[in-house]
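Encoded as structure tokens, the structure appears first; notes follow it.
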There are 2 protein chains.
Amino acid sequence: MNIKSEHIPKATIGRLAVYIQVLENLLRDGNDVISSEKLARACSVNSSQIRKDLAYFGEFGVRGVGYYVQELITSIKQSLGIDRVWKCALIGVGNMGTALLRHHDFEKRGFKICAAFDCDPDKIGLEFEGMEIVCPTHLKEQAPELNLEIGIIATPPDRAQRAANHLVDANIRGIINFAPSRINVPKHIPVEYVDFFDHLYSIAFQITLGND
Amino acid sequence: MNIKSEHIPKATIGRLAVYIQVLENLLRDGNDVISSEKLARACSVNSSQIRKDLAYFGEFGVRGVGYYVQELITSIKQSLGIDRVWKCALIGVGNMGTALLRHHDFEKRGFKICAAFDCDPDKIGLEFEGMEIVCPTHLKEQAPELNLEIGIIATPPDRAQRAANHLVDANIRGIINFAPSRINVPKHIPVEYVDFFDHLYSIAFQITLGND
DNA sequence: AACGTCTTGTTCGAAATTTCACATAGCGGA
DNA sequence: TCCGCTATGTGAAATTTCGAACAAGACGTT
């Protein structure tokens, strides 16, 4: 990769994800070239912001012209490291876990759930979306065999730490936690928390605020 | 409510959601009182940050003692406007929509999905989790009747804007969009986008970065 | 009631992020 | 080939956010 700068703001990464989303829709609508100004409007951000975000990774545009959409998508994906397939392990095949297994965008977007774990004896052995549910104690063997790199925690909150321990023990390289509780893992393993109630809270707050 | 300051950073709102989550777990474990220092460690933030975040809304602590956990939870919920039930309309009963309907935390957390809409003729009329799926054209009648305030979009990306239009037309007050596309609505209606691939991208990026 | 201890609420300086403004560079037409 | 047009890439200013330090205040003990 071709990173020009040391530290990249987390907010930039978030925006890059938005740019990809908008760019792919633009491409589908037949746009070959786009200016930072137009892309900015579509993403509701400032155009300098876009140029600066991209500048962290390289020079992808053509002065006087703009950005070639397909090329820019490719460049951003390369920059983020999502120009390949990441193999994932799911722990917790409940409501959320099941939904994730069924969510076929995973593969489209470069993430493949290659193994599903659950400690419920009633679930172990069941086949699900072409995958057998296995006890998490087997993670340590299977992770190297299957080359699992990212762990997805979708357990109840009180089981999240245990799941995290299994993942760490299996030398997983990153964790995304859908359970509503914090987990502790060694510093070198990145963790992201997903809780869409955050967004509902934010909506509720914004609505309430407008009405005071 | 009792907001002391004009503008509140979006990041603060996000952190308040984290504080609630951690505080509820602390309460479950029998902690009655907590200091900003300990809460900070549990949330992986700075303790001044916590005190400052709370200061936007009032004074909730006792000097020399700390915060009473239950009381603080209540105060934060009041501050965010989630000390009541928000009635929601779901549009799009596909994979994601179904998962949301089944996700029973919604009610626990103060959001109730009171109506489900989908334009697929095969789905209209079906009963789902005690709710009949209705054509979105009926939103405008039902929204005032049922007092629907928040719209949840879970359609395919190319249908998201149409769904948003229906919601705006029905005088909904806020929108949360799970579809991977941007939508345009009048400025006074807050919109939040949820896409957990953002987090997967972030993990992938952080892993890749460590390996260059 | 006075004192010591402990933790909050707040101030102020530092750091990070965003925006502005413009020099730079590619493209197309004359 | 030159010139004008346009949109990028970037340095510097403005704004926002964060963190360290400290004054203020509550509780318990003497």
Side-chain angles (χ1 to χ4, degrees), chain A residues 2-19 22-23 26 31-76 79 202 205, chain B residues 2-19 22-23 26 31-76 79 202 205:
Chain A
N2 212 1
I3 296 178
K4 294 163 82 182
S5 173
E6 312 298 303
H7 173 75
I8 288 153
K10 193 145 226 186
T12 291
I13 304 301
R15 281 190 299 267
L16 289 177
V18 175
Y19 303 158
V22 171
L23 287 167
L26 282 168
N31 297 280
D32 292 336
V33 183
I34 190 154
S35 68
S36 61
E37 192 57 44
K38 281 183 188 157
L39 181 57
R41 263 195 296 273
C43 300
S44 306
V45 298
N46 185 295
S47 65
S48 314
Q49 183 81 83
I50 292 186
R51 296 197 296 276
K52 180 148 283 191
D53 284 338
L54 297 176
Y56 284 119
F57 298 95
E59 304 193 3
F60 305 128
V62 181
R63 296 182 191 210
V65 177
Y67 300 89
Y68 294 101
V69 178
Q70 177 60 70
E71 207 173 286
L72 184 55
I73 292 173
T74 305
S75 299
I76 296 177
S79 303
S202 177
F205 174 65
Chain B
N2 210 2
I3 297 180
K4 292 162 83 183
S5 174
E6 311 299 301
H7 173 77
I8 289 152
K10 193 144 227 187
T12 291
I13 304 301
R15 280 190 298 267
L16 289 177
V18 175
Y19 304 158
V22 171
L23 288 166
L26 283 168
N31 297 278
D32 292 337
V33 184
I34 190 156
S35 67
S36 60
E37 192 58 43
K38 281 183 190 159
L39 181 58
R41 263 195 295 275
C43 300
S44 306
V45 298
N46 185 292
S47 65
S48 311
Q49 184 80 83
I50 291 187
R51 297 197 295 278
K52 175 161 285 186
D53 284 338
L54 297 175
Y56 284 120
F57 297 95
E59 304 191 3
F60 306 128
V62 182
R63 294 177 192 216
V65 177
Y67 300 90
Y68 294 103
V69 178
Q70 177 61 70
E71 207 173 285
L72 183 54
I73 293 172
T74 305
S75 300
I76 295 177
S79 303
S202 177
F205 173 65

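Lettering of chains follows the sequences in order, A, B, ..., and the numbering in each one begins at 1.
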Practice task
Taking side chain to side chain contact (heavy atoms under 4.5 Å, CB included) as the test, write out the residues that go with A/Q70, two or more places apart.
Solution key: A/L27, A/I73, A/T74

Exercise for the section: Return the set of residues passing side chain to side chain contact (heavy atoms under 4.5 Å, CB included) with A/V62 (not counting sequence neighbours), or none when no residue passes. Expected result: A/V65, A/Y68

Handout entry: Phosphate OP1/OP2 of C/dT19: any A/Q49 side-chain N/O under 4.0 Å
Key = yes

Taking salt bridge (Lys or Arg N to Asp or Glu O under 4.0 Å) as the test, write out the residues that go with [X], two or more places apart.
X     : answer
B/K38 : none
B/R63 : none
B/R51 : none

Completion exercise
What residues 38-47 of chain A contributes to the DNA chain C interface at heavy-atom separation below 4.0 Å is A/N46

Exercise for the section: Could you check if a side-chain atom of B/V45 sits within less than 4.5 angstrom of a side-chain atom of B/D53, using non-hydrogen atoms only? Expected result: no

Completion exercise
Applying side-chain hydrogen bond (donor to acceptor under 3.5 Å, both in side chains) to B/E37 and not counting sequence neighbours gives B/S47

Fill in the blank from the handout: For A/S48, the side-chain hydrogen bond (donor to acceptor under 3.5 Å, both in side chains) test, sequence neighbours excluded, returns A/N46

Protein N or O to nucleotides 22-30 of chain C N or O, pairs below 3.5 Å:
unit_1	atom_1	unit_2	atom_2	d
C/dT24	O2	A/R63	NH1	2.6

Between [N] ([atom2]) and [X] ([atom1]): distance, integer Å:
X     : N      : atom1 : atom2 : value
B/K10 : C/dT17 : NZ    : C1'   : 17 Å
A/L54 : D/dA7  : CG    : P     : 16 Å
B/H7  : C/dT18 : NE2   : P     : 12 Å
A/F57 : D/dT10 : CZ    : P     : 14 Å
A/Y67 : D/dT6  : OH    : C1'   : 13 Å
A/Y56 : D/dG11 : OH    : P     : 13 Å
A/D53 : C/dT18 : CG    : C1'   : 10 Å

Problem - Among D/dT8, C/dT17, D/dG9, the one nearest A/P9 by side-chain distance - result: C/dT17

Practice task
Name the closest nucleotide to the A/K52 side chain, picking from C/dT10, D/dG19, C/dT19.
Solution key: C/dT19

Handout entry: Derivation of the side chain to side chain contact (heavy atoms under 4.5 Å, CB included) call for B/I76 and B/F60
Key = CA-CA 9 Å; B/I76 295 177; B/F60 306 128; 5.5 Å; no

Exercise for the section: Using a 4.0 Å heavy-atom cut-off across all strands, classify A/T12 as base, sugar-phosphate, or nothing. Expected result: nothing

Exercise for the section: With heavy atoms under 4.0 Å as the rule, sort A/S48 into base, sugar-phosphate or nothing. Expected result: base

